[in-house]
Amino acid sequence: MIEYRIQGNTGEWEVVIGLEVHAQVTSESKLFSGSSTGFGAEPNSHVSLVDAAMPGMLPVPNRECLRQAVRTGMAINAQINRWSRFDRKNYFYADLPQGYQISQLYHPIVGEGEIEVTLNEKDPDSAVKTIGIERIHVEQDAGKLMHDQHPTMSFVDLNRSGVALMEIVSRPDMRSPQEAGAYVKKLRSILRYVGSCDGNMEQGSMRADVNVSVRKPGGELGTRTETKNVNSIRFMMQAIEYEAQRQVDLIESGGAVVQETRLFDANKMETRSMRSKEDAHDYRYFPDPDLLPVELDDAFLEECRASLPELPDAKRARYESLGLTAYNAAVLTAEAETAFWFEDLLAEGTDAKQGSNWLMSELFGALNKLGKTLDESPVNPKQAAELLGLVSDGTISGSIAKQVFEIMLQRGQAASAIVEEKGLKQTSDTGAIEAEIAKIMAANEDKVAEYRSGKDKLFGFFVGQTMKAMQGKANPQIINDLLKKTLG
């Protein structure tokens, strides 16, 4: 593996990266209130008295939010803390009506874990690296300021206020933008498999704070900056690349990196200073007096563990045991939606190799042309299984199956109905096939002579001519057998 290095005027520099990923917990209601978490509602339509911090309103923890955090921790082999506590993180901002955020600093619900990432999931020989997880803590989100609604004023939307977040804090184990990208992709995949977060970065339900510092290879850690709320993997990788280069240029020109919070400007592809970084004591953390500590019993933990699905790495290994190549297994398990679709296809009795090859070549190719996602596919797993079954039992050939599939995409009709309607059933009538072969040989005596004199490659010509004469409806295996027998 080639190490990622930044070339400076004074030699090579190494980048050190840690990520704090904020993942919105999958729950119909907020962390401490019954308000809806639905996305895209009218501003301030999903706000309870608790979310608006009205006097006398007391928070009540949402059991489902805590359950999802525990399940996520179990999925990354992390320590689950049976005793955890909520703290108040005090700061004042217009979108934070309480004047503090309820979070977990000293006693998070999930402790240390790890995620194994492959730098290129599609390359079975790609390097594998383990990224440490420091903790997962649960906290409430702030509201949102809208600066584009009025020429002189900013408006506040509290729909997001109080929404449950898991903050997943990595160790500074990543050494390149590519490693950081692979880590977030793998984490996002795990969250989607578990069902604890939808991973929709465009809607802000998953975003990353990116900590970057530079040093001479193997040297002391440098001063880090934190780039806030990056909401795409591509932007995150670009932010790391820009920020690392900026720090190297600054140090080599005699300056010093200042510990600060920065923002990434996606239009200019650069980071810019937002504010100096506060130390933890500036937030005046203390235990929230309105909330008792969270204590988890054996029954709750057992239920959480029993509810976990088969996770990406285990599923990938199982697919390889079914005869799939490492490449196919990696592609099919990279996204939860793909894996679930393929599982449904297998459940219909489709052969694993046949199903994986068809899904990755035919269906993915068609959806790409249509500009649709797998969830939007006009053909469902049950319909796909029927089509592949017709190929397996010899009812239609592979080439006819492609024609049938095109019609299925347009109509959403069953494969068997299309085959019946169009008269596409494959013939295994040896007499009819032999008659066509005889005509072809009579019309191409020169090529027959060439084949018999040693030009074996002409065999494909005779196969093609026979299939054409049979309008693609002849069984290819029978054609091959009869041609070999007739040509000698």
Side-chain angles (χ1 to χ4, degrees), residues 3-23 91 93-95 131 134 141-142 144-148 154 165 167-185 187-188 199-217 219-280 282-283:
E3 293 182 319
Y4 180 82
R5 292 287 186 264
I6 298 164
Q7 299 298 326
N9 295 327
T10 62
E12 291 187 337
W13 293 79
E14 180 180 44
V15 61
V16 178
I17 306 155
L19 298 174
E20 299 167 16
V21 173
H22 294 82
Y91 66 97
Y93 208 63
D95 61 8
I131 308 296
E134 192 173 292
D141 205 351
K144 180 182 179 183
L145 284 176
M146 298 186 292
H147 305 293
D148 57 355
S154 292
L165 299 176
E167 183 168 336
I168 305 164
V169 183
S170 82
R171 294 201 173 280
D173 290 345
M174 289 157 274
R175 296 292 179 269
S176 73
Q178 291 72 28
E179 285 184 11
Y183 166 80
V184 174
K185 283 179 186 173
L187 176 59
R188 183 170 173 261
N200 193 326
M201 300 186 82
E202 295 78 21
Q203 294 181 0
S205 57
M206 183 173 167
R207 51 194 192 267
D209 295 344
V210 186
N211 292 288
V212 175
S213 66
V214 295
R215 65 181 180 184
K216 288 293 185 178
E220 292 291 319
L221 287 174
T223 302
R224 65 181 172 87
T225 62
E226 180 183 40
T227 303
K228 298 286 286 186
N229 292 330
V230 185
N231 68 345
S232 92
I233 293 172
R234 181 168 62 91
F235 288 164
M236 180 193 70
M237 292 171 69
Q238 288 169 340
I240 292 168
E241 198 169 329
Y242 174 86
E243 181 59 18
Q245 186 66 57
R246 184 192 73 84
Q247 291 184 18
V248 168
D249 292 344
L250 182 62
I251 295 167
E252 291 192 329
S253 65
V257 176
V258 177
Q259 186 170 339
E260 63 180 350
T261 300
R262 299 179 69 85
L263 290 175
F264 179 67
D265 187 328
N267 295 318
K268 295 181 179 178
M269 294 298 175
E270 63 184 29
T271 65
R272 65 172 187 268
S273 182
M274 180 182 173
R275 61 176 181 264
S276 62
K277 180 65 179 174
E278 304 90 343
D279 290 324
D282 288 335
Y283 289 122

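Positions are given from 1, in the same order as the sequence printed here.
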message: Using a 3.5 Å distance criterion without hydrogens, assess whether the side chain of E12 forms a donor-acceptor pair with backbone atoms of R5.
response: no

message: Using only atom types and a distance under 3.5 Å, with no angle test, would you say the side chain of T223 pairs donor to acceptor with the backbone of Q259?
response: no

- prompt: Thinking salt bridges, do E270 and R272 make one under a 4.0 Å N-O criterion?
  reply: no

If I take atom [atom1] from residue [X] and atom [atom2] from residue [Y], how far apart are they, to the nearest 0.5 angstrom?
X    : Y    : atom1 : atom2 : result
E260 : T271 : CD    : OG1   : 8.0 Å
H22  : E167 : NE2   : CD    : 3.5 Å
L19  : T227 : CG    : OG1   : 10.5 Å
E252 : N9   : CD    : CG    : 5.0 Å

field: Exercise: do Q245 and E241 side chains pair donor with acceptor under 3.5 Å
entry: no

- prompt: Side chains of Q247 and W13: do they bring a donor and an acceptor to under 3.5 Å?
  reply: no

Of all heavy-atom pairs between [X] and [Y], which one has the smallest distance, and what is that distance?
X    : Y    : result
S176 : I17  : O-CD1, 3.4 Å
L250 : A256 : CD2-O, 3.4 Å
A23  : I168 : CB-CD1, 4.4 Å
M236 : V230 : N-CG1, 3.4 Å
S213 : G222 : CB-O, 3.6 Å
M174 : E179 : CA-OE1, 3.4 Å

task: Begin with the C-alpha distance, continue with both residues' side-chain angles, and end with the deciding distance and a verdict on side-chain contact (heavy atoms from CB on, under 4.5 Å) for K144 and D95.
output: CA-CA 6 Å; K144 180 182 179 183; D95 61 8; 5.8 Å; no

task: Quick one: do M269 and F235 satisfy side-chain contact (heavy atoms from CB on, under 4.5 Å)? Show the steps, please.
output: CA-CA 8 Å; M269 294 298 175; F235 288 164; 4.2 Å; yes

query: After noting the C-alpha distance and the side-chain angles of V16 and R175, does the key distance pass the side-chain contact (heavy atoms from CB on, under 4.5 Å) rule?
result: CA-CA 5 Å; V16 178; R175 296 292 179 269; 3.5 Å; yes

query: Should the heavy atoms of other residues, nucleotides or ligands under 6.0 Å from OH of Y93 be counted, would the total exceed 12?
result: no

field: E243/F264 under side-chain contact (heavy atoms from CB on, under 4.5 Å): CA gap, chis, key distance, verdict
entry: CA-CA 9 Å; E243 181 59 18; F264 179 67; over 6 Å; no

Side chains of residues 202-211: which donor-acceptor partners sit under 3.5 Å, not counting sequence neighbours?
residue : atom : partner : partner atom : Å
S205    : OG   : D198    : OD1          : 2.5
S205    : OG   : N200    : N            : 3.2
S205    : OG   : N200    : O            : 2.9
R207    : NE   : N229    : OD1          : 3.3
R207    : NH1  : G204    : O            : 2.9
R207    : NH2  : D141    : OD1          : 3.2
R207    : NH2  : D141    : OD2          : 3.2
D209    : OD1  : N229    : N            : 2.9
D209    : OD2  : K228    : NZ           : 3.1
N211    : OD1  : R224    : NH1          : 2.7
N211    : ND2  : E20     : OE2          : 3.3

